[in-house]
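Order of listing sets the numbers, starting from 1, for every ligand and every atom in it.
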Amino acid sequence: MKALVIEGARQAAIRELPYPEPGKNEVTIEVKRVGICGTDLHIFEGEYLSHFPIVPGHEFSGVIHSVGEGVTGLHAGDRVSADPSLFCGACQFCLTQRGNHCERWGALGVTKNGSMAEYIAVPAANVVKLPNSMGFDEAAFIEPVACIVHAMNRLQLKVGSRVILFGAGAMGQQLIQALSVSGASEVVAVDISPGKLAMALENGATKAVLSQRLAEEIKADPQYRFGFDTVIDVTGIPAVIETAMPYIGPAGTYLQFGVTPDHASIRVNPFELYHKDWTLLGSMAINHTFIPAFHWLKERRIQVKPLISKTISLEEAIPFFNEPKSPDLLKVQIEL
Ligand SMILES: [Zn+2]
Ligand SMILES: [Zn+2]
């Protein structure tokens, strides 16, 4: 089968790999759609947890092609998506609802070959069957929405909270929708792209601010003099994070959602952290949130189709990985 293989930092090629036969309690899925994620780009750049060679791709949907021994309730031809998380289920963290910190943590497309390939073998327990109303394009968003659901579980947003969010890309747009349906009052979106800000307003943001106008429009505005209840970074850019943190208000909460390079560091004022009773949160991938995300998407609480900027082939993904990305780009999907 054809697969996109990252063989080293900034080295990707289409290769012929053996068909992944389903093991015991596994199914092999014929991949139809794969979302390209910021994490894939970090892997390509050699700044994430993966070892090379690796087939990336952890946001996908497709059709079951073959079923391994011991699998019940799933059949060839079923339209499905799958949680890429590979948790051992037996360590101290798996046994205390912290599977995303599993001692033997793994994920399809990160530590094990993923879905930028014609076929992928996955544990049957990770699979959800899709209703006919859900397209393969939407189903490839269950994984990112599962990351959003985990972030919302981390935040425990109080109804009426005033929120500022930096980075209105594909994940930012989904978070804006999640915050809006979960009771935020104001959601201020900050980005460098006017197009993304216009979409943020359609998705429930109450105010949209160009990054270069942040000082005039927010810092200088008396209604924001005490900052925000919740500050979220979705950019993963250290300089943006240092700009964002001073907007955390008294007893406010900061959420690091964007993924920075693994060696990045930022400066935090520990006096402010103490004096303002700040809460600093991280949100790592998915933590048993794939099924709630599936339901959220199935009921269309979050609109994802408008987030697809373009659909490309597996071959076209190689130049896409290599080229500079437009600031207006949202989600790019691979169609197989
Ligand atoms: Zn992702
Ligand atoms: Zn574990």
Side-chain angles (χ1 to χ4, degrees), residues 4 6 25 31 33-45 47-50 54-62 81-117 120 122-123 125-126 128 136-152 154 167 169-175 178 233-236 255-262 282-290 293-294 296-297 302 304 307-309 317 320-321 325 329-334:
L4 186 155
I6 300 178
N25 299 319
V31 179
R33 283 280 177 141
V34 190
I36 302 179
C37 170
T39 304
D40 299 316
L41 301 175
H42 280 297
I43 293 171
F44 177 72
E45 297 292 339
E47 40 183 49
Y48 202 67
L49 309 162
S50 300
I54 184 87
V55 176
H58 56 271
E59 312 174 352
F60 64 99
S61 57
S81 179
D83 185 344
S85 309
L86 301 172
F87 302 159
C88 78
C91 74
Q92 58 179 323
F93 299 113
C94 283
L95 294 171
T96 50
Q97 293 81 49
R98 290 174 285 176
N100 60 338
H101 299 286
C102 174
E103 289 184 45
R104 288 169 284 275
W105 185 87
L108 298 167
V110 181
T111 60
K112 193 172 176 226
N113 280 348
S115 57
M116 291 191 196
I120 181 172
V122 308
N126 290 36
V128 294
F136 289 121
D137 50 355
E138 286 173 283
F141 274 93
I142 302 173
E143 192 278 346
V145 173
C147 298
I148 301 284
V149 174
H150 178 51
M152 295 305 292
R154 295 283 293 147
M171 294 312 285
Q173 300 285 346
Q174 291 168 72
L175 262 169
D233 173 71
V234 200
T235 69
L255 174 70
Q256 186 58 50
F257 187 89
V259 181
T260 70
D262 55 7
S283 177
M284 155 60 182
I286 296 174
N287 190 29
H288 312 286
T289 47
F290 199 78
F294 164 69
W296 219 352
L297 212 43
I302 293 192
V304 292
L307 304 181
I308 302 170
S309 297
F320 176 76
F321 271 105
K325 310 291 174 288
L329 200 68
L330 292 159
K331 179 61 76 181
V332 175
Q333 286 191 340
I334 298 169

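Between atom CG of residue L108 and atom NE2 of residue H58 there is a gap of 10.5 Å, rounded to the nearest 0.5 Å.
Residues L86 and R104 fail the side-chain proximity criterion, which asks for heavy atoms closer than 4.5 Å. The shortest distance between side-chain heavy atoms of F87 and H101 does not fall below 4.5 Å. Between I286 and E143, some side-chain heavy-atom pair lies under the 4.5 Å cut-off.
Between E59 and K331 there is a salt bridge, with a side-chain nitrogen of the basic residue lying less than 4.0 Å from a carboxylate oxygen of the acidic one.
Expressed to the nearest 10°, the angle at the Zn ion (ligand 2) joining SG in C91 with SG in C94 is 110°.
A donor-acceptor pair under 3.5 Å is formed between the side chain of K325 and the backbone N or O of F320.
Protein N, O or S atom count below 2.8 Å of the Zn ion (ligand 1): the structure gives 3.
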